[in-house]
Amino acid sequence: MPELPEVETIARGLRATIVGRIVREAQVLHPAIVRFHPPTSMAGEKIVTVDRRAKLLRIHLQSGWMAVAHFKMSGRLWVTDSTTTLPQHTHFRALLDDNAQLLFVDPRRFGFVGLLTPQEWQQWPFARTLGPEPLETPPEILASRFTGRRAIKAVLLDQRTIAGVGNIYADESLFAAGIHPATLARALTPAHRNRLAQAIRQILQEAIRAGGSTISDYRNAMGDKGLFQEQFAVYGRAGLPCTHCHTPLVRSHVAGRSTVWCPQCQPLA
DNA sequence: AGCGGGACCTGTGGGC
DNA sequence: TGCCCACAGGTCCCGC
């Protein structure tokens, strides 16, 4: 489910609601979603900050430990009143000192939650090899990373190239930059690379402004839907006319993922 | 090296 | 109504 804009939206929502709270109780309801140290030991801890790195959400605790969550395809993290009935597929629950509860809900159970020390975070191979944050990195630097003999879409989805881009925003960015998703990265011109870097930053910023994209089940920490799906130019629009030239959009598989593009506006370089 | 395919899971929607 | 298939926002692993 969530890519960078959705995780960022969740992080902002949590920052406004749970920072400063103390965790009274923490229970794991489905052990399969635990990674690293079990999050049950959050009990007694004060929540100091909440942030995001790539598609990972991090809750920093006063002791220095951090709770890390990855939502994969269907994970959610949200805050409700502690009297609210637990939704189906609630796998972790933290009761806070203001009578709120923080819930990790994930029907498909691809996601995970766990505790790490800062040192363990540094040593975790996935975190260590993450590429730069697209919104905190000059576009020229991002552009310089679009290399290699893979399809550009595969390069964008690789979290080591740029952190946080997934299937939706890869397709939307490639459309905005006028680049065919199957173009080999090494075949891109410098102008292509710069346009793509700018497009990624712009699309991600607009998506954050819209509170992310809700296709079916994404919700922010408060349970609200995002609105960016209303601005999709290509994702989920196969067969519909291109917003720019009215040519029917095409869907196929690129880099093993369902991919939509405009055959007219996105020529293969 | 890079790709395709499968695995991890459940839910939903379409076709018959 | 019920059944079967395809497909879904991510990542990892295997074999060619």
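Proteins come first, then strands; the chains are lettered A, B, ... in the order of their sequence lines, and each starts at number 1. What you see below is based on every heavy atom in this structure, not just the backbone, and it leaves out hydrogens, waters and symmetry mates.
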Subject >> Sugar-phosphate only, base, or nothing, as touched by A:Phe126 at under 4.0 Å among non-hydrogen atoms >> reply: sugar-phosphate

Original post:
Within the modelled atom types, does a donor on one side and an acceptor on the other bring the side chain of A:Arg150 and the base of B:dA1 under 3.5 Å apart?
Top reply: no

**OP:** Calculate the interatomic distance between A:Arg219 atom CZ and C:dG9 atom C1'; express it in whole Å.
**Re:** 13 Å

Original post:
How long is the line joining CZ of A:Arg160 and C1' of C:dC12, in whole Å?
Top reply: 11 Å

Original post:
Quick one: is C:dC7 close enough that its OP1 or OP2 comes under 4.0 Å of any side-chain N or O from A:Arg251?
Top reply: yes

Original post:
At under 4.0 Å, does any side-chain N or O of A:Lys55 touch on OP1 or OP2 of C:dG10?
Top reply: yes

Original post:
Rounded to the nearest Å, what distance is computed from the CH2 atom of residue A:Trp124 to the P atom of nucleotide C:dC12?
Top reply: 8 Å

Subject >> Value in whole Å for how far the C1' atom of C:dA6 lies from NE2 of A:His253 >> reply: 10 Å

Original post:
Is there a path from A:Ile208 to A:Ile200 through hydrophobic residues (I, L, V, M, F, W, Y) whose side chains come within less than 4.5 Å of each other?
Top reply: yes

Subject >> Rounded distance in Å between the P positions of B:dG4 and C:dC7 >> reply: 15 Å

Original post:
Please give, in whole Å, the distance from B:dT12 C1' to A:Asp217 CG?
Top reply: 11 Å

**OP:** Round to a whole Å and report the spacing from NE2 of A:His70 to C1' of C:dG9.
**Re:** 11 Å

Original post:
Which part of the nucleic acid does A:Ala32 contact within heavy-atom distance under 4.0 Å: base, sugar-phosphate only, or nothing?
Top reply: nothing

Original post:
Do the side-chain N or O atoms of A:Gln159 get closer than 4.0 angstrom to the phosphate oxygens (OP1, OP2) of C:dT11?
Top reply: yes

Original post:
C1' atom, B:dG6 versus C:dA6: distance in rounded Å?
Top reply: 16 Å

Original post:
Looking at A:Arg109, does any N or O in its side chain come under 4.0 Å of the phosphate oxygens OP1/OP2 on B:dT10?
Top reply: yes

Subject >> Closest listed nucleotide, where the reference is the side chain of A:Lys72 and the choices are C:dT11, B:dG11, C:dG9 >> reply: C:dT11

Original post:
Side chain of A:Ser216, base of B:dG11: donor and acceptor closer than 3.5 Å?
Top reply: no

**OP:** In whole angstrom, give me the gap between the P atoms of B:dA1 and C:dT11.
**Re:** 22 Å

Subject >> Pairwise P distance for C:dC3 and B:dC9, with rounding to whole Å >> reply: 24 Å

**OP:** Would you indicate, yes or no, if C:dG9 has its OP1 or OP2 atom less than 4.0 angstrom from a side-chain nitrogen or oxygen of A:Arg257?
**Re:** yes

**OP:** Nearest whole angstrom, please: distance from the C1' of C:dG9 to the CZ of A:Phe110.
**Re:** 12 Å

Subject >> Intermediate values then yes/no, side-chain hydrogen bond (donor to acceptor under 3.5 Å, both in side chains), A:Arg251 and A:Ser258 >> reply: CA-CA 7 Å; A:Arg251 183 174 89 99; A:Ser258 174; 2.8 Å; yes

Subject >> Atom pair distance, as rounded to whole Å: OH in A:Tyr218 and P in B:dT12 >> reply: 20 Å

**OP:** Provide the closest heavy-atom pair for A:Leu61 versus A:Val48 in the form atom of the first, atom of the second, distance.
**Re:** C-CG2, 3.7 Å

Subject >> Minimal non-hydrogen separation, A:Gln159 against A:Val165, with atom names >> reply: NE2-O, 2.9 Å

Original post:
Does C:dA8 have OP1 or OP2 sitting under 4.0 Å from an N or O in the side chain of A:Ser258?
Top reply: yes

**OP:** Using Watson-Crick or G-U wobble geometry with both distances below 3.5 Å, tell me the partner of B:dG15, or none.
**Re:** C:dC3

Subject >> For C:dC16, the Watson-Crick or wobble counterpart (both distances under 3.5 Å) >> reply: B:dG2

Original post:
Does A:Tyr235 make a side-chain N or O approach to OP1 or OP2 of C:dG9 shorter than 4.0 Å?
Top reply: yes

Original post:
Do you know which two heavy atoms are closest between A:His244 and A:Cys265, and how far apart they sit?
Top reply: CD2-SG, 3.6 Å

Original post:
Is the charged tip of A:Arg53 near the ring of A:Trp121: under 6.0 Å from the six-membered ring centre and within 45° of its axis?
Top reply: no

